[in-house]
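Notes to accompany the following structure.
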2 protein chains.
Amino acid sequence: MKKSTITIYDVAKKADVSMATVSRVVNGTGKVKEETRQKVQQIIEDMGYHPNAVARGLASQKTTTIGIFLPDLNNAYFNELAQGIDDVSKLYNYNIILMSSSISHQNEKDVLRSLFSQQVDGIVYMSYDISDEVCDLLYEKGIPTVLAGVIDYKRQLPSVNIDYKAATFEVMERFAQKYNSIALVVQDKNTNVNQDFRCKGMAEAAKKYPKIQFEVIRAGYGYENGLAVFNEVKAKKIQAILTTDDSVAIGILNAASDQGIKIPEELEVMSAMNTKLALMARPELSSISQPLYDMGAVAMRMLTKLMKKEVVQDQQVILPHEIINRKSTK
Amino acid sequence: MKKSTITIYDVAKKADVSMATVSRVVNGTGKVKEETRQKVQQIIEDMGYHPNAVARGLASQKTTTIGIFLPDLNNAYFNELAQGIDDVSKLYNYNIILMSSSISHQNEKDVLRSLFSQQVDGIVYMSYDISDEVCDLLYEKGIPTVLAGVIDYKRQLPSVNIDYKAATFEVMERFAQKYNSIALVVQDKNTNVNQDFRCKGMAEAAKKYPKIQFEVIRAGYGYENGLAVFNEVKAKKIQAILTTDDSVAIGILNAASDQGIKIPEELEVMSAMNTKLALMARPELSSISQPLYDMGAVAMRMLTKLMKKEVVQDQQVILPHEIINRKSTK
DNA sequence: TATAATAAAGTAAGCGTTTGCAAAAAGTAC
DNA sequence: GTACTTTTTGCAAACGCTTACTTTATTATA
């Protein structure tokens, strides 16, 4: 155990200056004579003084802390986003308070409120979707917030995404040129905007290719659900499939292989997350590539601007996507 | 934008009591007459008052926040541990400040100090290993800390682990009964205690089975390194291999398949993390199972006790491991 | 050299809570 | 009704730092 904490006051006394001066050299604010600056700096180092972030937060009403909200700590999609956020936040010296809501939307508002009471300077919100309620709460609170990989219906909140609708359409169109039975696997949430966009993309394709049969299959997230959904795929004689979640796709892939169905010859599978799982799958998983890391990074960068009250003209960022053909599509 | 924040003072005024009383009902501390309690409670709800965690932290010297330190945000191993931590922390109403050190040990101490200045009540430290320096820093600071999935040489710090040496020995022994050329893939850090234990486990097996050739292969973490390491495996005609990292194992698996090497017939592969990746691999990856989620949970539980200054008799927890045979071993 | 600017340093009032201690109120026992 | 407990409450001092404002020192200007 060390001796009790050293405060700015201790430093001031030892340096024979006022706390204000010490504060100034610590923060680099205001004018301080170079000479005193050095003296104080030296003493700070000698004493091993480290400012108390909590006190600072209370006094300045800024915590240099941002809240990151995500539904699941153990999910490659959010983790890659989070990594982008984390790296940029480091660049700007922000600390991160993590809040996971573990699936249920129920307590989301409480979680958020807890973030508020922590006085975070800003929030990056990630999720499969965002409810109007949450969106309003965030908006009304007036605390800088940006959505990453998710978008709200009303477009009240700044966000960083790809164009889900267009991406889906592209894939669907490509499939439509070769097959007549195509499926989109979508998660069974009701209020999911992102999924909505995907469905719209498919609808558009369906309109353009009226003879082709387009199917929506609803399934949960995760590998097991992919495994499970394969039977439906098989029963319906689907020839090509687009999923949202890599784990689901891999489930389908593996279920197919296990049953001796050849991929991509008998079934083409494309996913839409392009996490690093895609490379580990066999056959390697084709995917719409969302630049997850970049999305996180851009979101965080935007948030720093918002927190500094800089004007950000385009608050609805759409990053380019790609379609990456690996071995699960022809 | 909402009207400016409501403080405990506002509530007190409206309820016509002192701040002290409001504080008491908020925290459930001290005696308050049931009648006033209800009145105040009501007003709190009506006004939508939420205590300011920062001020509270400053006044009480407790932030109900713990720091989680990990090297990589996007790594299934740490994520599963983190999930265990997160769930338990939720149970006890602790918030989480996340700090990732992104690989380099360089700035670890700074990162930790930043955690200190945030006045966290406790720390869960995860990493591939822990340097003596960091260990001492943590120890001297006297802030409750527990290591999860890692152990320090000196055993100064409480920790939760499996018995790496024994687990390795078991696998090695099993391999030794069938083959005469066996490898252990280990990460090329110098000061890695966990790896050390593994090597010791192998050494023991080597001693017991002197005719068998045991090999240590050094490689970095991650899928690509697994891919890369396969050539060495092949060149040395290794027949069975144990890796630390699932991604590395999958790299080996895939490289082998890609080159037409049959697994497990021509090469047995076992890993030691048993993240959910193991199930997604084809063939499914056999693995020593570390109960990662539980390790995280136990670590966090222990931390709560430490923070409450309860005595914890056994501070070096060893959780049982299993050897799970899937399809990559016979 | 006097005077206006400007730079450097200090003062002290917060920031929103908690909490030890004291005061007031409500019970009890006689 | 008095004296003494025991509850309830309120007061006000921290907690460690920032920052508007003031004072003092320094430099530039004429």
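Below, read A as the first sequence line, B as the second, and so on, with proteins coming before strands; counting in each chain starts at 1.
A distance-only check finds no donor-acceptor pair linking the side chain of A:Thr29 to the backbone of A:Asn27 [under 3.5 Å]. Remark: the backbone N or O of A:Thr7 is paired with a side-chain donor or acceptor of A:Asp10 at under 3.5 angstrom. The backbone N or O of A:Ile318 lies less than 3.5 Å from no partner atom in the side chain of A:Asn161, so there is not a single donor-acceptor pair. Judged by distance alone, with hydrogens and angles left aside, the side-chain atoms of B:Ser127 form no donor-acceptor pair with the main-chain N or O of B:Ile130 at under 3.5 Å. With A:Ser60 contributing its side chain and A:Arg56 its backbone, the two residues share a donor-acceptor pair below 3.5 Å.
Over its full length, the helix from C:dT1-D:dA30 to C:dC30-D:dG1 turns its helical axis through 40°, comparing axes from the five pairs at each end and rounding to 10°.
An OP1 or OP2 oxygen of C:dA9 is reached within less than 4.0 angstrom by a side-chain nitrogen or oxygen of A:Thr36. Distances shown here put every side-chain N or O of B:Arg56 at or beyond 4.0 Å from the OP1 or OP2 atom of C:dG16. At C:dC15, none of the side-chain N or O atoms of B:Asn52 fall inside 4.0 Å of OP1 or OP2 (strictly under the cut-off). The phosphate of C:dT18 has neither OP1 nor OP2 within less than 4.0 Å of any side-chain N or O from B:Tyr9.
Protein chain A contacts DNA chain D from D:dG16 to D:dA20, reading 5' to 3' and using non-hydrogen atoms of the protein with a distance under 4.0 Å.
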Query - ring-ring contact (aromatic ring centres under 6.0 Å, His included) between B:Tyr128 and B:Phe78, intermediate numbers included - result: CA-CA 10 Å; B:Tyr128 299 108; B:Phe78 297 114; 5.2 Å; yes

Query raised in the report: Are A:Met99 and B:Asn95 close enough, and set up right, to give a side-chain contact (heavy atoms from CB on, under 4.5 Å), and what steps lead you there?
Result: CA-CA 8 Å; A:Met99 292 286 184; B:Asn95 290 120; 2.9 Å; yes

Give each protein N/O atom lying under 3.5 Å from an N/O atom of nucleotides 10-14 of chain C, with the pair distance.
residue: C:dG10; atom: OP2; partner: A:Ser18; partner atom: N; Å: 2.6
residue: C:dG10; atom: OP2; partner: A:Ser18; partner atom: OG; Å: 3.1
residue: C:dG10; atom: OP2; partner: A:Thr21; partner atom: OG1; Å: 3.0
residue: C:dG10; atom: N7; partner: A:Arg24; partner atom: NH2; Å: 3.4
residue: C:dG10; atom: O6; partner: A:Arg24; partner atom: NH2; Å: 2.6

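Contact annotation for B:Lys31: base contact, defined as any heavy-atom pair under 4.0 Å involving a base atom.
Rounded to the nearest 0.5 angstrom, B:Leu112 CG and B:Tyr125 OH are separated by 7.0 Å. One finds the CZ atom of B:Phe69 at 4.0 Å from the CD atom of B:Glu108 (value rounded to the nearest 0.5 Å).
If B:Gln61 and A:Thr29 are placed on DNA chain D by their nearest nucleotide, the residue sitting closer to the 5' end is B:Gln61. Of the residues near DNA chain D, A:Thr7 and B:Arg37, the one whose nearest nucleotide (by heavy atom distance) lies more toward the 5' end is B:Arg37.
Counting to the nearest Å, the C1' atom of C:dA7 and the CD atom of A:Glu35 are 14 Å from each other. Protein atom NZ of A:Lys33 is 14 Å distant from nucleotide atom C1' of C:dT6, rounded to whole Å.
Using a 4.0 Å cut-off between a side-chain N of Lys or Arg and a carboxylate O of Asp or Glu, B:Asp16 and B:Lys39 do not qualify as a salt bridge. Using a 4.0 Å cut-off between charged nitrogen and carboxylate oxygen, A:Asp86 and A:Lys90 count as a salt-bridge pair.
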